[in-house]
Amino acid sequence: MASISLFETFIAIISFLIILYSLLKKPHKNLARNWPVLGMLPDLLMALHRVYDFLAEILEMSNLTFQFKGLWFAGMDMLITVDPANIHYILSSNFSNYTKGPEFKEVFDVFKDVIFNTDSELWKNLRKAAQSRLNHQGFQRFSVTATRSKLKNGLVPLFDHFAKEGTTVNLQDVFRRFTFDTTMVLITGSDPISLSIEMPDNEFAKAITDAGEAIMYRHIKPRLLWKLQSWMGLGLEKKLLEADAVFDRVCAKYISTKREEVRLQGISNHPINGEGEDLLTSYIKLDTTKYELLNPSKDQFLKEVILNFIIAGRDTVASALTWFFWLLSKNPQVVAKIHQEINTVLPRSKYGQEKLSFDSTQLNKLVYLHGALYESMRLYPPIPFERKSAIKPDVLPSGHKVDANSKVIIVLYALGRMRAVWGEDALEFKPERWVSKTCGGSLRHEPSFKFLPFNAGPRSCLGKQLAMILMKTVVMEILQSYDIKAIKGQKVESLPGLILRMKHGFEVTITKRDSA
Ligand code: HEM
């Protein structure tokens with residue numbers, strides 16, 4: 001008994017000394033403190049409400065790479081980097097060593113085998129199939145038609161209504177509904193009409209948001225804890241289980257309707273909607289000799305197709321548009337320059353009053369607008385971080401060691417804010433940064449390992465062109481017809497999540513422009 005208490009006293013003294021040492025050893029300014037047992041978790045949790053800015057500060061002070069220590073024995077350690085040389089190495093030159101990994105798949109298990117979750121041959125099959133569909137000219141025309149139609153029949157009447165009533169509107173909510181509807185049209189051929197004056201609830205849209213929130217917290221919770229919560233059906237894990245049930249039910253309905261439609265039409269090459277096939281139709285008709293690992297006869301595969309494209313297309317574009325309009329509201333000189341460019345490059349006298357009819361070649365002439373959208377995504381990338389897992393031990397170009405099966409996190413949000421990467425004015429919103437002075441005002445190229453919002457290397461975004469065209473079309477329509485004013489005094493801050501969203505939304509008033 002006496003020996004046990006002696007041992008306990010010894011442990012208590014050692015623990016006390018370690019804690020005292022940690023408290024007295026001042027951390028280097030903002031760097032996270034490494035506590036015994038708890039690692040840097042307390043500092044991370046304290047800063048959770050501003051986690052991406054916190055990481056940016058740490059990375060700026062750590063020469064762009066930082067070793068995060070989590071709870072002991074909980075597998076939470078990770079190397080965090082924004083060093084472009086490391087990023088190039090991880091995403092491209094040593095691509096085969098850095099996979100999504102089994103742990104990533106486990107964290108995102110609700111989405112099963114979507115392209116974002118998979119590696120090796122299955123990923124190659126999924127990417128090849130997605131690439132051929134998204135690059136198809138018929139599909140691209142279909143995307144432009146769907147966007148214009150939603151603008152004309154959804155967004156414009158809604159903005160006219162708010163302008164007439166003089167009421168405030170949450171622009172983030174509007175854009176999420178807009179992109180949800182257009183993406184669902186592209187996937188299924190039918191419009192859920194979530195964008196309307198009534199702003200109706202949509203259980204599928206809500207389930208996707210709930211699932212994203214729960215998955216975000218799985219990244220920072222010890223694995224054992226979220227597993228236990230999932231098993232007991234508690235907290236966010238309960239929401240995730242409910243979201244999964246909604247995915248099953250809603251997708252099953254879309255799939256059976258579409259299979260019936262395709263059956264009635266006969267397996268022909270005639271597009272169902274005249275303009276181009278929706279994705280579900282084209283995946284049902286997939287030539288399986290080209291994609292041996294994909295099985296369109298299985299409903300589970302088609303469910304993954306629906307989830308894959310709704311995750312890819314909805315929140316990314318909505319997030320980019322929301323932060324862009326917020327930055328515009330703070331930079332009226334940029335709005336004036338965009339107007340000037342539109343009036344010079346695409347004057348109404350030349351192209352008539354039909355504002356929605358510009359094609360991608362004409363839109364490509366809007367270099368300043370393109371630069372402004374890039375600049376906004378540099379500071380507010382819709383996907384704020386990426387996670388990779390090393391297969392074999394490795395050493396990064398920065399000299400940092402990476403153990404086998406360890407996690408590497410690339411913080412896109414922080415990368416765009418590093419003075420060492422973007423210069424002393426890194427935090428300023430300057431679309432001019434993207435306009436080349438030497439090449440007659442054309443768009444300036446920046447390597448994708450420095451400008452990463454659309455990822456880089458073999459896993460780069462397949463929807464980049466589509467997204468840029470969509471965003472330019474929406475921005476042009478709004479800026480030409482309306483003045484958007486941010487409500488003064490509102491708190492704009494980001495919400496920790498897989499997608500960079502505004503915590504309280506973005507409240508604005510809308511007025512119709514005289515010339516519209
Ligand atoms: C502003 C809009 C968008 C942004 C910022 C964006 C960004 C990204 C990023 C960062 C990735 C890599 C994700 C990862 O591996 O963890 C990615 C992948 C992907 N994106 Fe996008 N995306 C956008 C819009 C779209 C759209 C509209 C589509 C298609 C409808 C799309 C389709 C894809 C696909 C299929 C991949 C998977 C590529 C692969 O793993 O091989 N994206 N995107």
Side-chain angles (χ1 to χ4, degrees), residues 91 95-96 98-135 183-184 186-188 204 207-216 218-219 223 226-227 230 237 240-256 258-259 278-316 383 386-389 391 405 407 455 457-463 498-499:
L91 297 182
F95 174 74
S96 58
Y98 294 91
T99 60
K100 297 277 176 162
E103 214 182 299
F104 186 98
K105 198 162 177 177
E106 190 178 46
V107 167
F108 285 81
D109 56 3
V110 69
F111 297 126
K112 308 278 183 321
D113 280 339
V114 296
I115 194 168
F116 301 100
N117 265 0
T118 46
D119 288 308
S120 59
E121 286 308 308
L122 179 56
W123 163 70
K124 279 188 195 157
N125 270 232
L126 287 166
R127 184 167 173 100
K128 215 167 99 187
Q131 198 160 22
S132 106
R133 259 121 278 270
L134 294 177
N135 287 347
T183 314
M184 286 307 282
L186 296 183
I187 300 171
T188 68
F204 190 42
I208 297 159
T209 307
D210 288 350
E213 196 190 343
I215 290 170
M216 163 67 197
R218 280 183 173 187
H219 281 83
R223 179 173 172 269
W226 68 254
K227 282 262 170 196
S230 173
E237 291 295 325
L240 195 58
L241 294 170
E242 288 164 0
D244 197 19
V246 174
F247 293 161
D248 274 343
R249 187 159 34 80
V250 174
C251 292
K253 222 166 140 201
Y254 279 120
I255 293 164
S256 63
K258 192 56 71 182
R259 281 204 196 279
D278 57 70
L279 291 165
L280 210 43
T281 305
S282 84
Y283 273 94
I284 288 175
K285 295 183 187 172
L286 198 73
D287 177 356
T288 44
T289 58
K290 287 189 191 160
Y291 312 99
E292 283 175 8
L293 299 179
L294 310 187
N295 189 351
S297 64
K298 284 208 164 141
D299 284 2
Q300 175 60 31
F301 170 73
L302 296 178
K303 177 188 161 194
E304 285 156 10
V305 165
I306 299 177
L307 290 177
N308 184 72
F309 286 102
I310 197 72
I311 303 166
R314 179 187 78 148
D315 285 348
T316 47
I383 298 183
E386 280 181 30
R387 170 180 169 156
K388 295 278 169 192
S389 172
I391 300 176
N405 300 318
K407 274 177 280 197
N455 208 21
R459 287 197 90 126
S460 59
C461 174
L462 290 172
L498 303 174
I499 297 284

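Both tests pass for R133 against the ring of Y283: distance under 6.0 Å to the centre and angle within 45° of the axis.
Among all heavy-atom pairs drawn from L126 and V114, the shortest one is CD1-C, 4.3 Å. In terms of heavy-atom proximity, I187 sits nearest to I310 at CD1-N, 3.6 Å. Nearest heavy atoms, F309 versus T183: O-CG2, 3.5 Å. The shortest heavy-atom contact between L462 and A130 is CD1-CB, 3.9 Å. Across every non-hydrogen atom of F247 and A207, the tightest pair is CE2-CB, 3.7 Å.
Across K100, K227, R387, a single residue satisfies salt bridge (charged side-chain N to carboxylate O under 4.0 Å, His left out) together with E106, and that is K227.
Aromatic rings from F104 and W123 are positioned such that their centres are separated by 6.0 Å or more.
Atom-to-atom distance recorded for L122:CG and L294:CG is 6.5 Å, nearest 0.5 angstrom. Atom CG of N455 sits about 8.0 Å away from atom CD1 of I383, to the nearest 0.5 Å. For the atom pair CD1 (I208) and CD1 (I311), the distance works out to 7.5 Å, reported to the nearest 0.5 Å. Rounded to the nearest 0.5 Å, atoms CD (Q300) and CD1 (I255) are 8.5 Å apart. Once rounded to the nearest 0.5 Å, the distance linking SG of C251 with CG of D299 reads 10.0 Å. Rounding to the nearest 0.5 Å gives a distance of 13.5 Å between CG of L307 and CD1 of I115.
Ion pairing between D244 and K303 holds under the 4.0 Å rule for side-chain N and carboxylate O. Checked for salt-bridge contact, D119 and K105 miss the test: no charged N lies under 4.0 Å from a carboxylate O. E103 and R223 are not joined by a salt bridge, as no carboxylate oxygen comes within less than 4.0 angstrom of a charged side-chain nitrogen. Using a 4.0 Å cut-off between charged nitrogen and carboxylate oxygen, E237 and R218 count as a salt-bridge pair.
Using cut-offs of 30° and 60° for the angle between ring planes, the Y254 and F204 rings count as tilted.
The shortest distance between side-chain heavy atoms of D287 and K290 falls below 4.5 Å. Between L302 and I284, some side-chain heavy-atom pair lies under the 4.5 Å cut-off. Contact of the E304 side chain with the N308 side chain is not registered, since no non-hydrogen atoms from C-beta on lie closer than 4.5 Å. Counting heavy atoms from C-beta on, the side chains of V107 and H219 come closer than 4.5 Å. In this structure the side chain of K124 never reaches within 4.5 angstrom of the side chain of L293, judged on heavy atoms.
With hydrogens and angles ignored, the 3.5 Å screen pairs a side-chain donor or acceptor of N125 with a backbone N or O of E292. Side chain of D315 to backbone of I499: no donor-acceptor contact under 3.5 angstrom is found. Of the possible polar contacts, one joining the N117 side chain to the F108 backbone as a donor-acceptor pair under 3.5 Å is found. A distance-only check finds no donor-acceptor pair linking the side chain of S230 to the backbone of W226 [under 3.5 Å]. K258 contributes a side-chain N or O that, together with a main-chain N or O of T188, makes up a donor-acceptor pair within less than 3.5 Å.
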**Message:** Walk me through whether F111 and I215 qualify under side chain to side chain contact (heavy atoms under 4.5 Å, CB included).
**Reply:** CA-CA 11 Å; F111 297 126; I215 290 170; 3.5 Å; yes

**Request:** Output, in order, the C-alpha distance, side-chain angles, deciding distance and verdict of side-chain hydrogen bond (donor to acceptor under 3.5 Å, both in side chains) for R314 and T209.
**Result:** CA-CA 10 Å; R314 179 187 78 148; T209 307; 2.9 Å; yes

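At a cut-off of 3.5 Å, with distance as the only test, no side-chain donor of T118 or R127 sits close to an acceptor on the other residue.
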